Number of protein chains: 2
Amino acid sequence: MSVGLREVAARAGVSVRTVSNVANGFAHVAPDTRRRVQQAIDELGYRPNSNARQLRRGRTETVSLVVPEIDTPYFAELASLTVRIAEERGWTVHIDQTDGDPDRERRMVAGPVGRSVDGVLCSPWAVSSEELSRLRTGPVVVLGERRAASGLDHVAIDNVAAGVTATAHLLSLGRRRVAAIGAQPHLHNGTARLRLDGYRSALREAGVPVAEGLVARVQTLHRPDGASAMARLLDSGEQVDGVFCFTDELALGAMRTLAERGLRVPEDVAVVGFDDIVDGRWSVPALTTISPDKAQIARMALDCLAARIADPAAPDRDLVAAHRLLVRETASG
Amino acid sequence: MSVGLREVAARAGVSVRTVSNVANGFAHVAPDTRRRVQQAIDELGYRPNSNARQLRRGRTETVSLVVPEIDTPYFAELASLTVRIAEERGWTVHIDQTDGDPDRERRMVAGPVGRSVDGVLCSPWAVSSEELSRLRTGPVVVLGERRAASGLDHVAIDNVAAGVTATAHLLSLGRRRVAAIGAQPHLHNGTARLRLDGYRSALREAGVPVAEGLVARVQTLHRPDGASAMARLLDSGEQVDGVFCFTDELALGAMRTLAERGLRVPEDVAVVGFDDIVDGRWSVPALTTISPDKAQIARMALDCLAARIADPAAPDRDLVAAHRLLVRETASG
DNA sequence: TTGTAAGCGTTATCAC
DNA sequence: GTGATAACGCTTACAA
């Protein structure tokens, strides 16, 4: 049936210890022995059982990436990069989706760590870092800014600064009725709040009054929310000549509504998004957006997790990755 | 350190056997014992070690999904659905990406199966089913049509019929210079070939001559390929009033080129895509497309894999999932 | 209903 | 440099 170390050992006329040494590329094996063992391995088609190995070693060389949804473009890209970069250090990534369900989020962070995975990378949606910190049973790195001492490592871009940049860009184009789409006062996930802070701060700095009627809330960050938020804004009677959307998906939804209302982008309304998903590069017109350095985020998070695994008692860190404004067609001048 | 069955047993004053029974929800445990054990489990924060469990049981309750890229919208959606549906039967899905590399494809199908996973769902790109069949060391289900007896189970939609439907729709709109974007004669993956067969067959049936100059080849199925293929078509001097793209991504790329050339969609050129990715629902104009029933594909594949695991010797099956034409703005009349 | 003990396939600690 | 052999944490006959 299943061929293990024992069968190979018998065939090569050595002990399991020696086979294990060869299979793991250990140094001190006589060349002749190595050759004989390797041959037996090939002939029998031996493949090591990773479960047994992990059980014995107490390490899985696997980390999990917990995100709200796998098929959201931003998370799909992030996951893809994370898998690729993790591979460089010999790690396997297990991708988990929570569907934004707080209980699943809690379970996926608390449950498997230290058992089936060595650590967790989590992009929380409905649960605060503070709670995750209390729940955790092993190394956890949070993707997203730390708002206060949380007891957890965090990796994120500077969302406030990015919000300022996006809004200031719209203002620099001469727009004075700049709306914001994406406020989420109901969530523990503080990202939207930070981008909103940036938006308000840029307006203040430019001496443009902050009209609360220009701030649209959303339930999720997907296209339908962007479309309906844009419609609400337009229907409210507020004048709008620019809009900062907290995700590209929201922006793409908003653009659809603008097109349906016969409003031109960017002539009538300029649009800036956030995330730099590929859809935005190919929309017509192409979307101006804040581009977070996703590869850097993934790499920092993985490095940070490795450090945390190596030293569980180290003080927690707050790492910030780069971002930049990508000026394309929906907001340029 | 790590709390296991033993610690819990000691605390509850029972044997490990009983703790295991409680942890696994076994029937025959005295209510009082169960209560005591459960309390010890909670107090000690016991979490079962899945590696040990899997090693002992010889089953991982995990399957892997091998796709070219996680962040391709189609595969991201499929992965998301697969994870969700697999959950219903208590399975975990491990998502692997091959980047279209044949060696990785071979490794990911042949390596882990029977060791760290109970079976594999594979959407091959560069390796033929026949070869995968020879390489496999355990249950494998291929996502994609069987072109000949392959020795493997297959799940797919009827790509020829879908190609006919898409092309016929364009013809029904009065278009007579219908191009096809997406031919991939260099790949083992036969999907493009089948869609092309459908395209040709629809033209023949309508008595429209098949102009080979209207068939554009691509290297990958992403937007840049669609954009450059469209540009080549236009530059070749061929008249084009309709185009059938073998993926929505290709279509979105092609639409970008059309916009840059000042051609209107659908007035000047009507466009039909394939896959029904969400981007197409929100593009301006919205993309008419062939919509494969992805949830059905995922469910069929999982069911098929379960059956294969249960009976490795059963004759291989060829399952076909549903698809339909979704008429939106880029091709309607 | 519950306890005892034998493995699952590895790796790691001793010896030799 | 290589061979016995004891764990790793769990499930499961077999007993009691």
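Residue numbers begin at 1 in each chain, while the letters A, B, ... track the order of the sequences. These numbers come from a predicted model, not from an experiment.
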For A/E131, the option from A/R106, A/E105, A/R136 that meets side chain to side chain contact (heavy atoms under 4.5 Å, CB included) =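 Testing each of A/R106, A/E105, A/R136 against A/E131, the sole residue satisfying side chain to side chain contact (heavy atoms under 4.5 Å, CB included) is A/R106.
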Nearest whole Å is fine: how far is [N] [atom2] from [X] [atom1]?
X	N	atom1	atom2	result
A/R53	C/dA12	CZ	P	10 Å
A/N21	D/dA4	CG	P	14 Å
B/Y46	D/dG9	OH	C1'	8 Å
B/R6	D/dC8	CZ	C1'	9 Å
A/E61	C/dT11	CD	P	12 Å
A/N49	D/dC8	CG	C1'	13 Å
B/R17	C/dG7	CZ	P	17 Å
A/L5	C/dG7	CG	P	18 Å

Residue met sooner reading DNA chain C from 5', once A/G4 and B/V19 are mapped to nucleotides =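 Taking each residue's closest nucleotide, the earlier one in sequence belongs to B/V19.
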With DNA chain C as reference, determine whether A/N51 or B/T18 sits nearer its 5' end, using the nearest nucleotide of each.
->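 The residue whose closest nucleotide sits nearer the 5' end is B/T18.
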Looking at [X], does any N or O in its side chain come under 4.0 Å of the phosphate oxygens OP1/OP2 on [N]?
X	N	result
B/S20	D/dT11	yes
B/R59	C/dC8	no
B/N24	D/dT11	yes

For the student: nearest non-hydrogen atoms of [X] and [Y], plus distance:
X	Y	result
B/I70	A/V83	CD1-CG2, 3.9 Å
A/A86	A/L302	N-CD2, 3.7 Å
B/P68	B/Q97	O-CB, 3.7 Å

Taking the side chain of A/L55 as heavy atoms from C-beta outward, which of D/dT2, D/dC8, C/dG3 is closest to it?
->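 In terms of side-chain proximity for A/L55, the closest of D/dT2, D/dC8, C/dG3 is D/dC8.
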Closest nucleotide among D/dT2, C/dT1, D/dC10 to the B/T33 side chain =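 Output: C/dT1.
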Look at the side chain of B/R56 against the base of D/dT11 and say whether a donor-acceptor pair falls under 3.5 Å; ignore hydrogens and angles.
->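 Answer yes: a donor N or O sits under 3.5 Å from an acceptor.
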State, with a plain yes or no, whether a side-chain heavy atom of B/C304 is found less than 4.5 Å away from one of B/L319.
->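 Answer yes - side chains close enough.
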